[in-house]
**Student:** 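Would you mind keeping the following structure in view while I ask a few things?
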Amino acid sequence: MEEKILICEDSLEGVFTAIYEVYRRHLPRETVRIQTGEDENYRLFAEYIRIETDTARAVKVMRTLRERFGEDTYKDLCMALTTADADKAQAVYRTAAWGLDECDTAKQGHVMDHLADPYVHKVMQLSRRACNELNHLKEFLRFQELRTGILYAKIGPRDNILPMLTPHFADRLPAEDFIIYDDKRDVAAVHPAMGEWYLASGVQEDMEKLEGGFSEKEEEYQELFRYFCHKISIKERENLELQRNMLPIRFRKYMTEFIPE
């Protein structure tokens, strides 16, 4: 049978829209592949179908997966889709399809226990990777106070986890105006005090104008913090390999204590 390759937007809404289309068009599971980018070389005997993102249809799929699989499994599927893996969309689709067919197992919230399935195993691996990145940034993110009083932080995560990271700080800093900028993807999460946060893309120039415009108190605290980190270090007990395991180097260029004065 001819393979059907559905090409969708690299986002939760894009992939879930593609999954909706598979069921709406009654496409056989074994002939379908969902991917978030174009193939370098088109395959023979394959039909390429481009799927436009439809938020309403994506929400229907999200609601179904939540109800049938439970919050934990739904979170694993979403976290897997934040990674840059080329096969993530197919893995999530096949995992969801298996769970929807196995009604009893799915209702019990044990979809991700079926690790013998290569797609489920793939989703679990990707989810763990993204969750590790998310947990690291909850600890390593550094806010800096601007002259305007806005708290500003810049990150460059391996995975697209900004939408998952922002609620953590919105819950803890509800009365603060803050911005978290992902310079790798040129997307900023903007949180107005006592308001709802939102994402803004294509804001590199605006973010560059903000950087460096720190308040006087912020500059004083940055200097004190660097001094503190330097003084508590014991040269004779340095273990660089352990430090890299606990704090990967890729995070350090965004952390106050590692930024040169």
Side-chain angles (χ1 to χ4, degrees), residues 78-79 82-84 127-261:
C78 291
M79 292 303 294
T82 67
T83 65
S127 176
R128 284 179 176 174
R129 165 183 150 170
C131 284
N132 287 338
E133 191 82 350
L134 178 62
N135 290 332
H136 275 134
L137 280 171
K138 287 179 181 179
E139 300 173 8
F140 301 149
L141 182 142
R142 299 289 186 262
F143 279 112
Q144 300 168 318
E145 186 181 60
L146 305 177
R147 294 192 186 98
T148 56
I150 297 173
L151 300 180
Y152 174 78
K154 185 163 71 170
I155 59 176
R158 178 178 55 193
D159 304 314
N160 186 20
I161 59 169
L162 182 60
M164 284 70 175
L165 177 67
T166 307
H168 173 80
F169 291 101
D171 182 57
R172 286 154 180 78
L173 303 170
E176 299 289 345
D177 294 311
F178 70 76
I179 297 172
I180 304 175
Y181 176 55
D182 182 347
D183 70 346
K184 192 173 181 179
R185 297 166 184 82
D186 194 17
V187 177
V190 181
H191 177 271
M194 306 308 295
E196 296 292 328
W197 64 272
Y198 58 91
L199 296 176
S201 59
V203 293
Q204 182 178 358
E205 291 186 7
D206 294 323
M207 296 300 106
E208 288 177 350
K209 293 176 182 177
L210 293 178
E211 292 175 18
F214 304 129
S215 66
E216 292 183 8
K217 188 177 293 185
E218 172 64 27
E219 292 178 348
E220 292 176 8
Y221 277 116
Q222 286 188 19
E223 184 178 351
L224 287 171
F225 189 46
R226 292 192 190 98
Y227 180 76
F228 168 75
C229 292
H230 174 73
K231 295 301 290 185
I232 64 172
S233 175
I234 302 174
K235 185 176 182 180
E236 290 75 17
R237 299 185 64 180
E238 283 186 354
N239 186 334
L240 297 181
E241 183 176 353
L242 178 61
Q243 289 177 14
R244 286 192 291 269
N245 288 335
M246 301 297 290
L247 176 53
I249 293 175
R250 69 177 184 276
F251 294 106
R252 300 185 186 187
K253 68 176 182 177
Y254 303 103
M255 299 175 67
T256 303
E257 59 267 44
F258 293 100
I259 299 175
E261 298 182 31

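Side chains included, hydrogens not; waters and symmetry mates left out as well; all remaining heavy atoms used.
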**Student:** For the CD atom on Glu196, are there more than 12 heavy atoms of other groups (residues, nucleotides or ligands in this structure) within a distance under 6.0 Å?
**Tutor:**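 It does not: Glu196 CD has 12 such atoms or fewer within range.
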
**Student:** Is it the case that over 12 heavy atoms from other parts of the model lie below 6.0 angstrom from the CZ atom of Phe258?
**Tutor:**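 Buried by this count: over 12 neighbours within 6.0 Å.
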
**Student:** Would you name the heavy atoms of Leu137 and Ile155 that are closest together and state the gap between them?
**Tutor:**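 Reported closest heavy-atom pair: CD2-CG2, 3.9 Å.
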
**Student:** Going from CG on Asp206 to CD on Glu211, what distance comes out if it is rounded to the nearest 0.5 angstrom?
**Tutor:**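 Atom-to-atom, Asp206:CG and Glu211:CD are 11.5 Å apart.
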
**Student:** Can you confirm whether Arg147 sits close enough to Phe214 that some side-chain heavy atom of one is under 4.5 Å from a side-chain heavy atom of the other?
**Tutor:**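 Heavy-atom side-chain distance check fails, nothing below 4.5 Å.
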
**Student:** Ile249 versus Arg244: any side-chain heavy-atom pair under 4.5 Å?
**Tutor:**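 The answer is yes, as the side chains (C-beta and beyond) meet within the 4.5 Å cut-off.
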
**Student:** How long is the straight-line distance from CG of Leu146 back to NZ of Lys209, given to the nearest 0.5 Å?
**Tutor:**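 Here the rounded value is 14.5 Å.
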
**Student:** For Tyr198, does the OH atom have more than 12 heavy-atom neighbours from other residues, nucleotides or ligands under 6.0 Å away?
**Tutor:**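 No, because the 6.0 Å sphere around OH of Tyr198 holds 12 heavy atoms or fewer from other groups.
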
**Student:** Please say which of Phe143, Tyr152, Phe178, Phe169 ends up in a ring pair (Phe, Tyr, Trp, His ring centres under 6.0 Å) with His191.
**Tutor:**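 The residue from Phe143, Tyr152, Phe178, Phe169 that satisfies ring pair (Phe, Tyr, Trp, His ring centres under 6.0 Å) with His191 turns out to be Phe178.
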
**Student:** Compare every heavy atom of Leu162 with every heavy atom of Val187, then report the nearest pair and how far apart it is.
**Tutor:**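 The answer is O-CD2, 3.6 Å.
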
**Student:** Under a 3.5 Å threshold, yes or no: a donor from one side chain and an acceptor from the other, between His230 and Arg226?
**Tutor:**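 No donor-acceptor contact under 3.5 Å links the two side chains.
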
**Student:** With side chain to side chain contact (heavy atoms under 4.5 Å, CB included) as the test, would you mind laying out the steps for Gln144 and Thr256 before giving the verdict?
**Tutor:** CA-CA 9 Å; Gln144 300 168 318; Thr256 303; 4.0 Å; yes

**Student:** Quick one: are Lys138 and Leu165 in side-chain contact, heavy atoms under 4.5 Å?
**Tutor:**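 The answer is yes; the side chains approach within 4.5 Å.
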
**Student:** Are Arg252 and Leu247 close enough that some pair of their side-chain heavy atoms sits under 4.5 Å apart?
**Tutor:**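 They are in contact (side-chain heavy atoms under 4.5 Å apart), so the answer is yes.
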
**Student:** Run through Ile179, Ile150, Val203 and flag the one making a side chain to side chain contact (heavy atoms under 4.5 Å, CB included) with Leu210.
**Tutor:**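 Checked Ile179, Ile150, Val203 against Leu210; only one passes side chain to side chain contact (heavy atoms under 4.5 Å, CB included): Ile179.
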
**Student:** How far apart are the C-alpha atoms of Lys154 and Met207, what are their side-chain angles, what is the distance that settles it, and do they pass the side chain to side chain contact (heavy atoms under 4.5 Å, CB included) test?
**Tutor:** CA-CA 9 Å; Lys154 185 163 71 170; Met207 296 300 106; over 6 Å; no

**Student:** Could you tell me the separation between the CG atom of Leu141 and the NE2 atom of His136, rounded to the nearest 0.5 Å?
**Tutor:**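 The CG atom of Leu141 sits 13.5 Å away from the NE2 atom of His136.
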
**Student:** Compare every heavy atom of Gly156 with every heavy atom of Asp182, then report the nearest pair and how far apart it is.
**Tutor:**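 Asp182 and Gly156 have their closest heavy atoms at OD1-CA, 4.1 Å.
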
**Student:** Contact between Thr83 and Asn160 at the side-chain level, heavy atoms closer than 4.5 Å - yes or no?
**Tutor:**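 No; the side chains remain at least 4.5 Å from each other.
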
**Student:** Atom CD in Glu176, atom CG in Leu151: separation rounded to 0.5 Å?
**Tutor:**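 With rounding to 0.5 Å, CD (Glu176) is 5.0 Å from CG (Leu151).
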
**Student:** Run the salt-bridge test on Lys217 and Glu145 with the 4.0 Å N-O cut-off and return the result as yes or no.
**Tutor:**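 A salt bridge is absent here (no side-chain N lies under 4.0 Å from a carboxylate O).
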
**Student:** So which atom in Cys131 and which in Met79 form the shortest heavy-atom distance, rounded to 0.1 Å?
**Tutor:**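 Here Cys131 and Met79 meet closest at N-CE, 3.7 Å.
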
**Student:** Regarding Glu133 and Arg250, does a basic nitrogen lie under 4.0 Å from an acidic carboxylate oxygen?
**Tutor:**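 The answer is yes: the pair qualifies as a salt bridge.
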
**Student:** If we only count heavy atoms from C-beta on, is the Arg185 to Ser201 side-chain gap below 4.5 Å?
**Tutor:**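 Of all side-chain heavy-atom pairs linking Ser201 with Arg185, none is under 4.5 Å.
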
**Student:** List the atom of Ala193, the atom of Asp177, and the distance in Å for their closest heavy-atom pair.
**Tutor:**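 So the two residues come closest at N-OD1, 2.6 Å.
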
**Student:** Does Glu257 pair with Arg142 as a salt bridge, N-O distance under 4.0 Å?
**Tutor:**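 So Glu257 pairs with Arg142 through a salt bridge.
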
**Student:** I'd like to know whether OH of Tyr221 has more than 12 heavy-atom contacts from other residues, nucleotides or ligands below 6.0 angstrom.
**Tutor:**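 Atom OH in Tyr221 is not packed in, count stays at 12 or less.
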
**Student:** Can you tell me how far the CG atom of Asn245 sits from the CD atom of Glu241, to the nearest 0.5 Å?
**Tutor:**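 Result: 6.0 Å between the selected atoms.
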
**Student:** Might you point out which heavy atoms bring Ile161 and Ala130 nearest each other, and give the distance in Å?
**Tutor:**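 Closest heavy-atom pair between Ile161 and Ala130: CG2-O, 4.1 Å.
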
**Student:** Ignoring hydrogens and angles, tell me if any N or O in the side chain of Arg172 forms a donor-acceptor pair with the backbone of Pro167 under 3.5 Å.
**Tutor:**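 Side chain of Arg172 to backbone of Pro167: no pair is present.
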
**Student:** Taking OH in Tyr227 as the centre, count heavy atoms belonging to other residues, nucleotides or ligands within less than 6.0 Å. Is the count above 12?
**Tutor:**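 Open: at most 12 neighbouring heavy atoms sit under 6.0 Å from OH of Tyr227.
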
**Student:** Does Glu238, at its CD atom, have more than 12 non-hydrogen atoms belonging to other residues, nucleotides or ligands within less than 6.0 Å?
**Tutor:**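 Yes.
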
